[in-house]
Amino acid sequence: MFNIKDSKFTGYDYNDWFRYLKRNDRERLKIDFSSEHELTNREREIIFPSVRAFQRGEQSDGKCLVKAAVRFAKKYGEDKYPDVMKLFIREENFHSSYLAQYMNHFNEPLKKNNGLDHIFRKLRQSGGLFMEVSVLVTAEMIALSYYSALGNVARMIDSPALADICGQMLHDELPHIVLQSHTLGLLGTGPVKNAFRRFLMGAATIAVWIAYGDLLAQGGYWYKKFRSENFGYLAQSIEIADKTF
Ligand SMILES: [Fe+2]
Ligand SMILES: [Fe+2]
């Protein structure tokens with residue numbers, strides 16, 4: 001489990017985030033497929049259903065999010081926030097492209113839509129920035145557990161390309177969680193919002209486990225561990241938001 005709340009990112013303002021994301025944008029992962037071997041049918045069955053879903057989930061044009069970010073920037077005088085979120089959306093689209101490259105290498109078809117992703121998107125767009133960012137950060141906290149599990153599976157099946165992708169995702173997602181937690185803090189925290197965030201995490205944890213528990217278990221995440229890590233990340237996110245507020 002990662003320590004998010006004590007990372008160097010927790011003191012960042014939006015100017016720092018802009019500089020960080022710009023710098024990160026110059027260091028994109030070049031995936032090396034030269035050591036990949038053919039995957040067995042069983043290995044494909046284990047990894048691709050969830051990889052396909054996350055490939056889709058990481059991808060977004062971010063139009064609603066940018067609109068909400070512009071409104072927030074005006075209201076709170078945080079001029080840099082929309083630019084930060086544009087760089088953030090760009091980074092998420094790179095994540096999607098890493099997984100797409102991996103799937104293409106193994107001739108696996110990409111998926112246009114999936115049920116869970118659809119629910120996440122509708123939910124995000126159903127409210128203002130609080131809703132957008134709360135749902136987003138819930139998915140990102142679950143992503144930390146998921147890519148940890150997928151990375152373990154990648155090493156088990158000897159797929160260095162997939163292990164590298166997972167490493168890059170973990171490297172990028174942890175700061176994202178700090179960034180969204182900072183914004184949630186500026187929007188104001190409190191017991192009702194925190195209860196809602198716990199409800200979201202509980203529902204998302206169950207839904208992802210039902211859909212992709214097989215992969216998570218192969219990667220060393222039984223339900224109890226998956227749930228406790230997700231809620232551990234949420235506790236850290238709430239702590240960061242409370243400190244910002
Ligand atoms: Fe991502
Ligand atoms: Fe992210």
Side-chain angles (χ1 to χ4, degrees), residues 1-2 4-5 7-10 12 14 16-18 20-25 27-29 31 47 50-66 68-69 81-103 110-111 114 116-117 120-121 123-125 129 131-151 154 161-184 197 200-201 204-205 208 212 215-216 229-230 233-234 236-237 240-241:
M1 179 158 167
F2 295 95
I4 306 172
K5 66 181 169 57
S7 71
K8 64 175 180 181
F9 302 102
T10 50
Y12 277 21
Y14 291 128
D16 298 322
W17 282 114
F18 184 79
Y20 162 75
L21 288 166
K22 267 264 174 232
R23 203 166 55 238
N24 217 28
D25 195 36
E27 294 162 9
R28 294 295 169 202
L29 177 68
I31 306 169
I47 60 173
S50 66
V51 166
R52 189 171 289 123
F54 276 77
Q55 190 278 326
R56 178 75 187 103
E58 299 269 6
Q59 186 183 53
S60 163
D61 64 11
K63 272 186 199 151
C64 277
L65 187 55
V66 170
Y81 185 62
D83 290 337
V84 167
M85 291 317 272
K86 281 177 199 160
L87 284 173
F88 159 78
I89 291 159
R90 182 176 154 80
E91 188 153 293
E92 292 298 2
N93 284 318
F94 269 100
H95 292 174
S96 177
S97 95
Y98 300 149
L99 296 176
Q101 288 173 56
Y102 189 76
M103 294 178 73
L110 305 183
K111 200 173 181 176
N114 74 75
L116 258 186
D117 183 53
F120 262 111
R121 274 170 214 268
L123 200 61
R124 266 176 50 189
Q125 293 162 5
L129 190 65
M131 190 60 115
E132 284 262 3
V133 176
S134 300
V135 175
L136 197 58
V137 73
T138 302
E140 293 185 307
M141 291 184 282
I142 286 181
L144 280 193
S145 310
Y146 168 71
Y147 288 116
S148 298
L150 185 63
L162 187 58
D164 285 352
I165 293 170
C166 291
Q168 185 67 45
M169 300 296 206
L170 294 172
H171 168 274
D172 293 348
E173 291 298 350
L174 189 149
H176 289 179
I177 295 167
V178 182
L179 166 64
Q180 325 301 0
S181 305
H182 176 78
T183 303
L184 289 173
R197 294 189 63 196
L200 265 187
M201 181 55 93
T205 296
V208 173
Y212 310 116
L215 179 280
L216 290 162
E229 274 201 16
N230 292 343
Y233 292 137
L234 178 60
Q236 294 187 61
S237 170
I240 296 166

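The figures here come from the full heavy-atom set of this structure, side chains too, leaving out hydrogens, waters and symmetry mates. Numbering of ligands and ligand atoms starts at 1, following listing order. Bear in mind that the values here come from a model prediction, so they are computed numbers and not experimental data. Heads up: numbering here begins at 1 and tracks the sequence.
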Of all the N, O or S atoms in E140, the one nearest to the Fe ion (ligand 2) is OE2
Quick one: do the R56 and Q59 side chains pair a donor with an acceptor below 3.5 Å?
yes
Checking distances from the Fe ion (ligand 2), one finds that the N, O or S atom of H176 closest to it is ND1
Considering non-hydrogen atoms only, spot the tightest contact between V178 and S7 and give its length.
CG2-OG, 3.8 Å
Compute the angle centred on the Fe ion (ligand 1) spanning OE1 of E92 and ND1 of H95, and express it rounded to 10 degrees.
90°
Give a yes/no answer: is there an N/O/S atom of E173 under 2.8 Å from the Fe ion (ligand 1)?
yes
So, F9 versus H182, ring centres under 6.0 angstrom or not?
no
Min side-chain heavy-atom separation T183-W17 under 4.5 Å
no
Pairs flagged by salt bridge (Lys or Arg N to Asp or Glu O under 4.0 Å) wherever residues 131-140 is involved - sequence neighbours left out
R124-E132
Is there an N/O/S atom in E58 that lies less than 2.8 Å from the Fe ion (ligand 1)?
yes
